[in-house]
Amino acid sequence: MQGVPKGFYLQVGVFSKTPNPKFMEAFMKYPHQIQSVNGQKRYLIGPYNTREQADAKLEEVSHNVAKPVHVEIK
């Protein structure tokens with residue numbers, strides 16, 4: 001697993017191929033990390049210091065990118 005800074009993230013997708021340009025354009029507007037896991041890439045928005053900070057972006061990210069799930073990197 002590649003080193004991703006510790007913190008709370010909103011995971012907006014896991015893909016084996018590069019996502020479509022519209023997704024990537026929206027995704028790149030946020031602080032983000034792309035983590036390689038078992039031949040796939042996890043698209044993470046963040047890191048945020050707390051889950052509450054990540055929650056504050058939940059609705060905006062759902063609307064602009066994709067419905068996220070919470071991920072904590074320790």
Side-chain angles (χ1 to χ4, degrees):
M1 210 153 44
Q2 287 180 346
V4 170
K6 293 178 183 174
F8 293 85
Y9 292 86
L10 298 174
Q11 178 180 300
V12 291
V14 178
F15 304 101
S16 55
K17 296 187 165 73
T18 303
N20 69 53
K22 185 177 179 197
F23 173 91
M24 287 305 293
E25 182 181 342
F27 175 73
M28 299 299 265
K29 291 180 180 172
Y30 292 90
H32 62 273
Q33 300 286 328
I34 299 174
Q35 181 184 42
S36 294
V37 181
N38 300 329
Q40 295 195 310
K41 294 194 183 324
R42 290 169 78 184
Y43 289 78
L44 305 170
I45 291 177
Y48 298 99
N49 292 324
T50 65
R51 186 178 175 114
E52 289 73 25
Q53 288 176 332
D55 276 346
K57 289 287 187 187
L58 197 69
E59 195 172 315
E60 180 186 332
V61 169
S62 293
H63 180 76
N64 293 335
V65 186
K67 186 163 172 41
V69 295
H70 279 284
V71 176
E72 182 181 2
I73 306 287
K74 296 182 179 186

- Query: Can you name the closest pair of heavy atoms from P47 and G7 and give their distance?
  - Reply: CB-CA, 4.2 Å

What's the separation between atom [atom1] in [X] and atom [atom2] in [Y], rounded to the nearest 0.5 Å?
X: L10; Y: H70; atom1: CG; atom2: NE2; answer: 6.0 Å
X: K57; Y: N64; atom1: NZ; atom2: CG; answer: 9.5 Å
X: L44; Y: F27; atom1: CG; atom2: CZ; answer: 6.5 Å
X: K17; Y: Q40; atom1: NZ; atom2: CD; answer: 10.5 Å

- Message: For a salt bridge (charged side-chain N to carboxylate O under 4.0 Å, His left out) check, start with the C-alpha distance between E25 and K22, then their side-chain angles and the critical distance, and finish with the verdict.
- Response: CA-CA 5 Å; E25 182 181 342; K22 185 177 179 197; over 6 Å; no

- Does I45 belong to the same Ile/Leu/Val/Met/Phe/Trp/Tyr cluster as V14, with side-chain heavy atoms less than 4.5 Å apart forming each link? no

- Side chains of R42 and V71 in contact at under 4.5 Å (non-hydrogen atoms): yes

- Are any of the side-chain heavy atoms of P68 and S62 separated by less than 4.5 Å? yes

- Item | Q35 and Y9 side chains, donor-acceptor separation under 3.5 Å | no

- Over 12 foreign heavy atoms within 6.0 Å of CG, N20: yes

- Task: Look at the aromatic rings of Y43 and F15 and report parallel, tilted or perpendicular, splitting at 30° and 60°.
- Result: perpendicular

- Would you check, one step at a time, whether the test side chain to side chain contact (heavy atoms under 4.5 Å, CB included) holds for V12 with H32? CA-CA 10 Å; V12 291; H32 62 273; over 6 Å; no

